[in-house]
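Since the structure is predicted, the reported quantities are computational estimates derived from the model, not experimental observations. Positions are given from 1, in the same order as the sequence printed here.
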Amino acid sequence: MNEQDSWDDLRFLLAVARNGSLSAAARALGVNHSTVLRRVAALEESMGVRLFDKRPGGYILTSAGDEMHRVALKVEEELATASRRLSGSDAQISGTLRFTTLDILALHILPRHIAAFRALHPTLSVDMIVAEASLSLTRREADVAIRSTNRPPENLVGRAVAWLAFAVYGSASYLDSAPAADGVAGHVWVGLDETFDHTSMMRWLRKSVPPDRIACRVNSVATVLELVKAGAGLGLLPCGLADRCPGLRRVGPLVEEVGSKIWLLTHEDLRHMGRVRAFMDFMGDAFAQDRALLEGRTS
């Protein structure tokens, strides 16, 4: 087995270890289930040890697999470091830039800015990955992250470009037909599910809205917006989205205890790469233009 084959097989080991199953690893790698099984089996045969135990809950590393996993992580880190440093020396604004962000920004804020950026740099392709979970910039899963957070990862560099403010909204049709209620707790609501348990949004909802007033729960803020627009009830929404919808009305003041900063982030080794620097500079100016909207100061 040559060095390239060895690293390729280690990639499959890492994918199974991270995802816990062959099918999930296959999706992450963009291959089929049988390919993952075959490559893991080939690695086990070449090493002469069993690397995984198959349990009802998924694939679990054996003690030998755990040792190999540590080796694979080290190799991955060294290759990623070399890749970042080589890429970081590239001053050209061309090729492909990959960035990751949230659905609410991808759907309602970023499209017009991406179009304007591409008009300035027509030889640069821009890949946008919409993901609630943070992709790893260290492993070069993306070059830039545009995230809503008050605690950006310490291994990334960048800047906060705006505050993402929240308020309660309802559609004109819902508010015109709803019976008089004593505060927001008396209304029908669109809520969030356990996906958001760790967020300030969920803490505020639990404190402010009785559970029996929540008519439906969803796992996406973008979906809350669509349901509120359709008249399903009140919802806690980012002002930068809701204030752009003519059919929505803000109910009460900004909810001060909910919200977060929007950050533009990249890895230290990539910050001087031409296309990364150009993208972050452009997006910094773009978010500055949208700042009043995002911070709820235009309503």
Side-chain angles (χ1 to χ4, degrees), residues 100-114 128 130-133 146-150 161-262 286-287 289-299:
T100 178
T101 192
L102 302 175
D103 59 353
I104 56 175
L105 298 178
L107 290 170
H108 299 276
I109 301 296
L110 290 170
R112 65 187 185 279
H113 297 319
I114 297 299
M128 178 166 59
V130 180
E132 293 295 329
I146 304 178
R147 286 289 170 197
S148 171
T149 180
N150 289 324
V161 291
W163 177 259
L164 188 62
F166 283 73
V168 176
Y169 291 84
S171 69
S173 61
Y174 169 79
L175 292 170
D176 288 344
S177 63
D182 183 16
V184 295
H187 281 274
V188 175
W189 274 77
V190 180
L192 297 164
D193 69 8
E194 64 277 3
T195 307
F196 288 81
D197 275 350
H198 64 289
T199 66
S200 58
M201 294 177 67
M202 185 64 91
R203 289 193 292 273
W204 184 87
L205 283 167
R206 285 180 174 146
K207 180 183 73 174
S208 306
V209 181
D212 62 357
R213 301 305 298 165
I214 298 180
C216 69
R217 298 178 186 271
V218 296
N219 65 347
S220 160
V221 177
T223 307
V224 175
L225 175 66
E226 296 305 316
L227 286 165
V228 172
K229 285 166 59 178
L234 299 187
L236 181 62
L237 292 168
C239 300
L241 280 61
D243 286 341
R244 297 178 65 213
C245 299
L248 294 186
R249 298 178 192 166
R250 194 184 293 185
V251 180
L254 296 179
V255 179
E256 297 293 345
E257 60 263 53
V258 177
S260 61
K261 294 176 181 178
I262 298 175
F287 275 101
Q289 297 170 22
D290 287 341
R291 191 165 181 172
L293 174 69
L294 293 164
E295 297 181 350
R297 294 184 277 113
T298 61
S299 178

- For the side chain of S208 and the backbone of L205, is there at least one donor-acceptor N/O pair under 3.5 Å apart? no
- Looking at A222 and I104, what are the two nearest heavy atoms and their distance? N-CG2, 3.7 Å
- Nearest atoms (heavy-atom pairs only) where G231 meets S173: CA-OG, 4.2 Å
- Message: Could you tell me if the side chain of P211 sits less than 4.5 Å from the side chain of R217, heavy atoms only?
- Response: yes
- side chain to side chain contact (heavy atoms under 4.5 Å, CB included) assessment of D176 paired with R249: CA-CA 11 Å; D176 288 344; R249 298 178 192 166; 3.1 Å; yes
- Note on the structure: To the nearest 0.5 Å, atom OG of S200 lies from atom CZ of F166 at 7.0 Å
- Can we say R206 and D197 salt-bridge, meaning some charged N sits less than 4.0 Å from an Asp/Glu carboxylate O? yes
- Task: Determine the minimum heavy-atom distance between V228 and S171, stating which atoms define it.
- Result: O-CB, 3.3 Å
- Query: Which atoms form the tightest heavy-atom contact between Y174 and L234, and what is the distance?
  - Reply: CE2-CD2, 3.7 Å
- Message: Nearest 0.5 Å, please: how far is CG in L248 from CG in L241?
- Response: 10.0 Å
- salt bridge (Lys or Arg N to Asp or Glu O under 4.0 Å) evaluation trace for R244 with D290: CA-CA 11 Å; R244 297 178 65 213; D290 287 341; over 6 Å; no
- Smallest heavy-atom separation, V258 atom then W163 atom, equals O-CZ2, 4.3 Å
- Query: Less than 4.5 Å apart, any side-chain heavy atom of I146 and any of M128?
  - Reply: no
- Item | 4.5 Å side-chain heavy-atom contact, L294 and I109 | yes
- Item | Heavy-atom side-chain contact between L110 and F287 under 4.5 Å | yes
- Message: With heavy-atom distances below 4.5 Å as the criterion, would you say the side chains of W204 and V168 are in contact?
- Response: yes
- Is there side-chain contact between L107 and L225, with heavy atoms separated by less than 4.5 Å? no
- Message: Determine whether V221 and L102 satisfy the following criterion, side chain to side chain contact (heavy atoms under 4.5 Å, CB included), listing intermediate values before the conclusion.
- Response: CA-CA 10 Å; V221 177; L102 302 175; over 6 Å; no
- Item | Closest non-hydrogen atom pair, R250 against D243 | NH2-OD2, 2.6 Å
- Task: Dump the intermediate steps for side-chain hydrogen bond (donor to acceptor under 3.5 Å, both in side chains) on S260 and R147, then the final yes or no.
- Result: CA-CA 9 Å; S260 61; R147 286 289 170 197; over 6 Å; no
- Could you list the residues that satisfy salt bridge (Lys or Arg N to Asp or Glu O under 4.0 Å) with R203, not counting sequence neighbours? none
- Item | Under 3.5 Å: donor-acceptor pair, side chain of R213, backbone of H187 | yes
- Query: Are the side chains of R291 and R297 in touch, meaning some heavy atoms are under 4.5 Å apart?
  - Reply: yes
